[in-house]
Protein chains: 2
Amino acid sequence: MNAQSVTTHLRTLGHRISRAREAIIEIFSSTTKPLTAIDVLLTLEKVGLPVNKTTVYRELEFLLAQHLLQEVQIESGIIHYESAAQDHHHHLICQTCKQIVAVDPKEIEQGIDKLARRVRINEGFTISDHSLEFYGHCAHCQ
Amino acid sequence: MNAQSVTTHLRTLGHRISRAREAIIEIFSSTTKPLTAIDVLLTLEKVGLPVNKTTVYRELEFLLAQHLLQEVQIESGIIHYESAAQDHHHHLICQTCKQIVAVDPKEIEQGIDKLARRVRINEGFTISDHSLEFYGHCAHCQ
DNA sequence: GCACTATATGCAAACTAGTTGCGTTTGTCA
DNA sequence: TGACAAACGCAACTAGTTTGCATATAGTGC
Ligand SMILES: [Mn+2]
Ligand SMILES: [Mn+2]
Ligand SMILES: [Zn+2]
Ligand SMILES: [Zn+2]
């Protein structure tokens, strides 16, 4: 899902495409990195489209409600967002330089699903989502 | 590791055992639930040992530095702590009532380790830790 | 038991991420 | 081009957490 098709989609739903909205959609469709509200704010400043932080927060909330973004549970304290138009995946987080890399752990999803079924039987818990993040050090920060 | 042995350990390291410290150690050694600073604060009040929130935050930081507590990556925004004297495990989080249940997914650790090795080879990332949390609904909140 | 001293504590103030109310601007469409 | 709701900016607010500094207290030695 590229930026163009996202804005078209929103327009058909009757939503406006303001400059800020368009720019934020563009930011998320051109990276796979999970971004924070502050990341978005700073990127907009760099691109010469400064907006108020409230606008950024409200826009992230809006795009989340439209299922165009999804929250990523990384470190505690700061919400990260990434495009929802990505296959399910998990993350490697470098504890030194804080960079985040996506990892697509197909081989583990089966095990996770099996566990989810067992948990449902044993604990009566139905699982609708999971987060799996890896912490360590990237090649540079060894 | 029970509360008694923890305080003895701290004493040998030259740390004092204040009433608040003792009570907080007791709280964490008598539950497996991950607790927030506020949880601890309220529990201390209930037990008739009210302390300032700053004390709670400083004590959690202290016990974390002593490796007697560990942070748990749950929802963003609030840091949860649990006793470090527990086997490695993960959590089920009910999205309705917010209760947290521990799950010991031995069957999945192998898969996670295999993935960690693959990631090390492919991406040059060395993984030292991971977090895996499940989100869903408990038996009560279906 | 009493004094000493560093550690732990309380309080107030600051800080950060995020939220809310409200008046103003702007995108869309007639 | 004008109407009007959606989006925006601003300022004030909140919750969780941190910091500086003065006071209280646990542990040691007398
Ligand atoms: Mn997965
Ligand atoms: Mn594990
Ligand atoms: Zn790194
Ligand atoms: Zn529940």
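Computed from heavy atoms alone, side chains included, the values below leave out hydrogens, waters and symmetry copies. So that the names make sense, note that chain A is the first sequence line, chain B the second, and so on, each numbered from 1.
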- Do A:Gln142 and B:Thr126 have side-chain N/O donor and acceptor atoms under 3.5 Å apart? yes
- Message: Determine whether a donor-acceptor pair (N or O, by modelled atom type, separation under 3.5 Å) exists between the side chain of B:Thr31 and the backbone of B:Phe28.
- Response: no
- Query: Among C:dT28, D:dG20, C:dG27, which nucleotide sits nearest the side chain of B:Thr54?
  - Reply: D:dG20
- Hey, can you pull the residues of residues 35-46 of chain B with a non-hydrogen atom under 4.0 angstrom from DNA chain C? none
- D:dT19, C:dG21, D:dG16: which one has an atom nearest the side-chain heavy atoms of B:Tyr57? D:dG16
- Would you indicate, yes or no, if D:dC10 has its OP1 or OP2 atom less than 4.0 angstrom from a side-chain nitrogen or oxygen of A:Asn52? yes
- Message: Applying a strict under-4.5 Å side-chain criterion to I, L, V, M, F, W and Y, I'd like to know whether B:Val51 and B:Tyr57 cluster together.
- Response: no
- In whole angstroms, the gap separating P of C:dT28 from CZ of A:Arg21 amounts to 10 Å
- Is there a side-chain contact between B:Phe134 and A:Ile112, using heavy atoms and a 4.5 Å cut-off? yes
- Message: Using five pairs at each end of the helix from C:dG1-D:dC30 to C:dA30-D:dT1 to define an axis, what is the angle between those two axes, to 10°?
- Response: 30°
- Task: Have a look at B:Glu61 and say if it touches a base, only the backbone sugar-phosphate, or nothing, with a 4.0 Å heavy-atom cut-off.
- Result: nothing
- Message: Measure CD/B:Glu59 against C1'/D:dT18 and give the value in whole Å, please.
- Response: 16 Å
- Message: Tell me whether the side-chain N or O atoms of B:Arg58 pair up with the base of C:dG10 as donor and acceptor below 3.5 Å, since no angle test is needed here.
- Response: yes
- Do any side-chain nitrogens or oxygens of B:Thr55 fall under 4.0 Å of OP1 or OP2 in C:dA8? no
Check: protein-nucleotides 2-5 of chain C nitrogen or oxygen pairs below 3.5 Å:
none

- Residue A:Ile79, side-chain atoms from C-beta onward, closest of D:dT17, C:dG27, C:dG18: C:dG18
- Proximity to the side chain of B:Ile78 - top-ranked nucleotide from D:dT18, D:dG16, D:dC10: D:dG16
- Out of D:dT17, D:dA7, C:dT9, whichever nucleotide has its closest atom nearest the side chain of B:Lys53: D:dT17
